[in-house]
Colleague: 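Dropping a structure here in C-alpha cells format, bear with me for questions.
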There are 2 protein chains.
Amino acid sequence: MTTNLTQLKQDFTEGLSQISRFWGFPKGMGAIFAVLYISPSPLSLDEIVQQTGLTKGAVSTEVRALARLGLVHRSSRLADRKDYYEAETDFYKSIRAILKERQNSEFDSAVRSVRETLEKLESGSVSGEEAEKQFILERVRALQDFFDALDSLTRAVSKLDSLGFSTVTKVLSILK
Amino acid sequence: MTTNLTQLKQDFTEGLSQISRFWGFPKGMGAIFAVLYISPSPLSLDEIVQQTGLTKGAVSTEVRALARLGLVHRSSRLADRKDYYEAETDFYKSIRAILKERQNSEFDSAVRSVRETLEKLESGSVSGEEAEKQFILERVRALQDFFDALDSLTRAVSKLDSLGFSTVTKVLSILK
DNA sequence: TAGAATGTTTAGTAACTACTAAACGAAGTA
DNA sequence: TACTTCGTTTAGTAGTTACTAAACATTCTA
C-alpha cells in the first residue's frame with residue numbers, strides 16, 4: 001500500500017497543528033511552521049497561503065509571531081519585492097528564544113509576587129497571629145524552592161545545544 | 001510598614017491564580033489551590049467558596065480536576081457529611097501525575113502521527129519524487145529526534161523526587 | 001415524611017481567541 | 001500618473017472557555 005506524497009505532507013501538517021495547539025499556540029502557527037519545515041526552499045507569503053488554506057492576513061500576523069520566537073526566518077531576495085520565509089531547524093536555539101521571551105512576561109511578575117510574599121513574611125513586617133504566620137512562611141518557602149528548582153532546570157536546559165541536550169537526557173534516563 | 005495577614009493571603013492567591021492561567025489552567029484552579037495550600041487545616045467546600053469568592057458549582061468541578069492531577073486530596077471525617085480538601089505539598093509527585101495524565105491525551109496521538117509519517121517515509125511506501133522524499137525524510141527524522149529527547153527528559157524528571165531533582169538542577173547549572 | 005445540609009449537574013453568559021474578509025498602505029512598474 | 005503587486009491592519013465572527021445562577025440529587029435529621 002503506497003501513500004501519496006501530497007497526502008503525507010498534509011498529515012504531517014495536521015499533526016504539527018495539533019501539537020501547536022496543545023502547547024498553547026494557534027494551530028495555524030503549527031501548520032505554517034510545518035509547510036515551511038518540509039519545504040526544500042523558502043516560501044513566499046502567498047505560497048504559504050496556498051499551502052495552508054489560511055488567509056493572507058492570518059499568515060501575515062502569525063508568521064511574524066513565529067519569527068519573534070525564532071522558529072522561522074524572514075529573508076528577501078534582490079530585485080524581488082516578496083518576502084521569503086524558512087523554518088529554523090535548530091530547535092534548541094528556538095527553545096532558548098521562547099524561554100527568553102517568556103521571562104519578560106506576566107508569568108515572571110506573578111512568580112515575583114510570590115517571592116515578595118515570602119520576603120514580607122521573612123522580614124517580620126506582617127501583622128497577625130504568630131503560629132499561622134509561621135505555618136504560611138514554611139509553605140510559601142517550599143513553593144519558592146520548587147519554583148527556583150524549575151527555573152534553574154529550564155535555564156540549564158536552554159543553555160544546552162543539540163549535542164549537550166541529548167547527552168544529558170541519556171544520562172538522566174540511565175538514572176532510571 | 002507592616003502588612004495585614006489577610007492582605008498577604010490575598011496577594012498570594014492572586015499570584016498563584018496568574019501562574020495557573022499561564023500554565024493553561026483556569027485561574028480559579030490556582031486560587032483554590034492557593035487557599036488550600038496556606039491553610040493549616042483541610043477546608044470544606046463552603047469554606048473554599050467563601051475564601052475564593054467563586055460559586056459552589058465552580059469549586060465543585062475544579063476541585064475535582066485538582067484532585068485528578070493529584071494537587072489536592074479529598075478526605076472526609078467520621079460523622080461529618082462534609083468533604084474536606086487539602087493541598088498536596090510534594091510538587092514532584094504532582095508533576096508525575098500531570099505528565100502521566102498528558103500521556104493519554106491527544107497530544108501523544110499527534111506526536112504519534114509524526115512518527116507514522118516518518119515510518120512511512122522510511123519503509124519506502126510513499127510515491128513521489130525521490131529527492132524531495134529524501135529531503136523531507138531527513139527533516140522529519142530530526143524533528144522526531146527532538147521529540148524523543150524532550151520525551152526522555154520529561155520522563156527522567158518525572159521519576160525524580162525532591163532530593164534528586166534539586167541535585168540534577170545543581171549539576172546542570174554547573175554545566176554552565 | 002418533611003426539611004435541611006451538602007455536593008453535582010446543567011443552562012446560560014461574558015470574555016477571549018483564532019480566524020476571515022476586506023479595506024488600506026506602500027512601493028514598484030507601465 | 002494610474003495600475004499592479006505585495007504586505008499589514010481592521011472590523012467582524014464563529015467557536016471556545018471559565019465562570020454564575022439555579023435546578024437537582026443525595027443523605028442525614030427532626
Side-chain angles (χ1 to χ4, degrees), chain A residues 13-14 16-36 42-69 71-86 105-107, chain B residues 13-14 16-36 42-69 71-86 105-107:
Chain A
T13 306
E14 171 65 22
L16 276 201
S17 298
Q18 284 177 247
I19 290 172
S20 172
R21 199 177 43 176
F22 182 83
W23 282 347
F25 301 107
K27 73 172 189 183
M29 229 175 173
I32 292 170
F33 180 82
V35 304
L36 290 176
L43 299 179
S44 72
L45 195 140
D46 276 331
E47 285 167 324
I48 299 173
V49 166
Q50 184 244 315
Q51 293 202 31
T52 57
L54 300 172
T55 58
K56 253 189 345 168
V59 174
S60 172
T61 62
E62 271 156 25
V63 101
R64 209 175 329 138
L66 280 166
R68 239 187 41 232
L69 295 177
L71 280 164
V72 311
H73 301 289
R74 182 190 302 228
S75 61
S76 43
R77 297 173 186 164
L78 288 176
D80 187 344
R81 274 164 49 213
K82 290 200 196 92
D83 288 344
Y84 288 89
Y85 304 91
E86 59 190 322
S105 75
E106 53 203 321
F107 171 65
Chain B
T13 306
E14 171 66 21
L16 276 201
S17 299
Q18 284 177 246
I19 290 171
S20 172
R21 199 177 45 175
F22 182 82
W23 283 346
F25 301 108
K27 71 172 191 181
M29 228 176 175
I32 293 171
F33 180 81
V35 304
L36 290 175
L43 299 179
S44 71
L45 195 139
D46 276 330
E47 285 166 326
I48 298 173
V49 166
Q50 185 245 315
Q51 293 203 28
T52 57
L54 300 172
T55 57
K56 252 189 345 171
V59 174
S60 172
T61 62
E62 270 157 24
V63 101
R64 210 177 324 137
L66 279 167
R68 239 187 40 232
L69 294 177
L71 281 163
V72 312
H73 301 288
R74 181 191 304 230
S75 61
S76 43
R77 296 173 186 163
L78 289 175
D80 188 344
R81 275 164 50 214
K82 291 200 195 89
D83 289 342
Y84 289 88
Y85 304 91
E86 59 189 324
S105 76
E106 53 202 321
F107 171 66

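Quick note on labels: first sequence line is chain A, next is B, and so on, each numbered from 1. This structure is a prediction, so every number in the text was calculated from the model and none was measured.
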Colleague: Can you tabulate the close N/O pairs, meaning under 3.5 Å, that link protein atoms to atoms of nucleotides 10-13 of chain C?
Modeller:
none

Colleague: Between P on C:dG7 and CD on B:E47, what's the gap in Å once rounded to a whole number?
Modeller: 10 Å

Colleague: For the side chain of A:S17 and the backbone of A:T13, is there at least one donor-acceptor N/O pair under 3.5 Å apart?
Modeller: yes

Colleague: Quick one: OH on B:Y84 to CG on B:L36, what's the gap to the nearest 0.5 Å?
Modeller: 13.0 Å

Colleague: For residues 76-85 of chain A, which residue pairs qualify under salt bridge (charged side-chain N to carboxylate O under 4.0 Å, His left out), counting only residues two or more places apart or in two chains?
Modeller: A:R74-A:D83

Colleague: Please list each protein N or O that sits under 3.5 Å from an N or O in nucleotides 17-19 of chain D, with the distance.
Modeller:
residue	atom	partner	partner atom	Å
D:dC19	OP1	B:G28	N	3.3
D:dC19	OP2	B:E62	OE2	2.9

Colleague: Report the residues that fulfil side chain to side chain contact (heavy atoms under 4.5 Å, CB included) with A:Q51, sequence neighbours left out, ordered by chain and then residue number.
Modeller: A:V35, A:L43

Colleague: So what does B:R21 hit on the nucleic acid, given a heavy-atom distance under 4.0 Å: a base, only sugar-phosphate, or nothing?
Modeller: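 No contact.
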
Colleague: If you only use heavy atoms from C-beta on, which nucleotide in D:dT8, D:dG7, C:dT8 is closest to the side chain of B:L45?
Modeller: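 Of all the options, the side chain of B:L45 is nearest to C:dT8.
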
Colleague: Return each pair, listed once, that meets side-chain hydrogen bond (donor to acceptor under 3.5 Å, both in side chains) where at least one residue sits in residues 59-69 of chain B; pairs must be two or more places apart or across chains.
Modeller: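 Qualifying pairs: B:R68-B:E101.
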
Colleague: Starting at atom CG of A:D83, determine the distance to atom P of C:dA26, rounded to an integer number of angstrom.
Modeller: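 A:D83 atom CG is separated from C:dA26 atom P by 16 Å.
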
Colleague: If every non-hydrogen atom of A:V59 is compared with every non-hydrogen atom of A:I32, which pair is closest and at what distance?
Modeller: CA-CD1, 4.0 Å

Colleague: Please state whether the phosphate of C:dT9, meaning OP1 or OP2, lies under 4.0 angstrom from any side-chain nitrogen or oxygen of B:R64.
Modeller: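 So the side chain of B:R64 is within the cut-off, an N or O lying under 4.0 Å from OP1 or OP2 of C:dT9.
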
Colleague: List the atom of B:F33, the atom of B:L66, and the distance in Å for their closest heavy-atom pair.
Modeller: N-CD1, 4.2 Å

Colleague: Can you find a side chain N or O atom of B:K56 that sits less than 4.0 Å from OP1 or OP2 on C:dG7?
Modeller: no

Colleague: Please find the pair of heavy atoms, one from B:K56 and one from B:L45, that lie closest to each other, and give the distance.
Modeller: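 Of all heavy-atom pairs spanning B:K56 and B:L45, the closest is CG-CD2, 3.3 Å.
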
Colleague: What is the separation between atom CD on A:Q50 and atom C1' on D:dC6, rounded to the nearest whole Å?
Modeller: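 It is 16 Å, rounded to the nearest whole Å.
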
Colleague: Heavy-atom distance under 4.5 Å between the side chains of A:L69 and A:M29, does that happen here?
Modeller: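 A:L69 reaches A:M29 side chain to side chain.
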
Colleague: Can you check nucleotides 27-30 of chain D for protein contacts, nitrogen or oxygen pairs under 3.5 Å, and list what you find?
Modeller:
residue	atom	partner	partner atom	Å
D:dT27	O2	B:R81	NH2	3.4

Colleague: How many angstroms lie between atom CG of A:L54 and atom NZ of A:K27, to the nearest 0.5 angstrom?
Modeller: 8.5 Å

Colleague: CG of B:D80 versus C1' of C:dA5: gap in Å, rounded?
Modeller: 11 Å

Colleague: Atom OH of B:Y84 and atom P of C:dT6: how far apart are they, to the nearest Å?
Modeller: 8 Å

Colleague: For A:Y85, enumerate each residue passing the ring pair (Phe, Tyr, Trp, His ring centres under 6.0 Å) test, keeping only those at least two apart in sequence or located in another chain.
Modeller: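 Checked A:Y85 against ring pair (Phe, Tyr, Trp, His ring centres under 6.0 Å); zero matches.
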
Colleague: What is the distance, rounded to the nearest whole Å, between atom NZ of B:K82 and atom C1' of D:dT26?
Modeller: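 Result: 16 Å.
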
Colleague: At 10 degrees resolution, what angle do the end axes of the helix from C:dT1-D:dA30 to C:dA30-D:dT1 form when each is taken over five base pairs?
Modeller: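 The angle separating the two end axes equals 20°.
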
Colleague: Tell me every residue that passes side chain to side chain donor-acceptor pair (under 3.5 Å) with B:E47, counting only those two or more places apart in sequence or in another chain.
Modeller: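 Once residues adjacent in sequence are excluded, the partners of B:E47 under the side chain to side chain donor-acceptor pair (under 3.5 Å) criterion are B:S44.
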
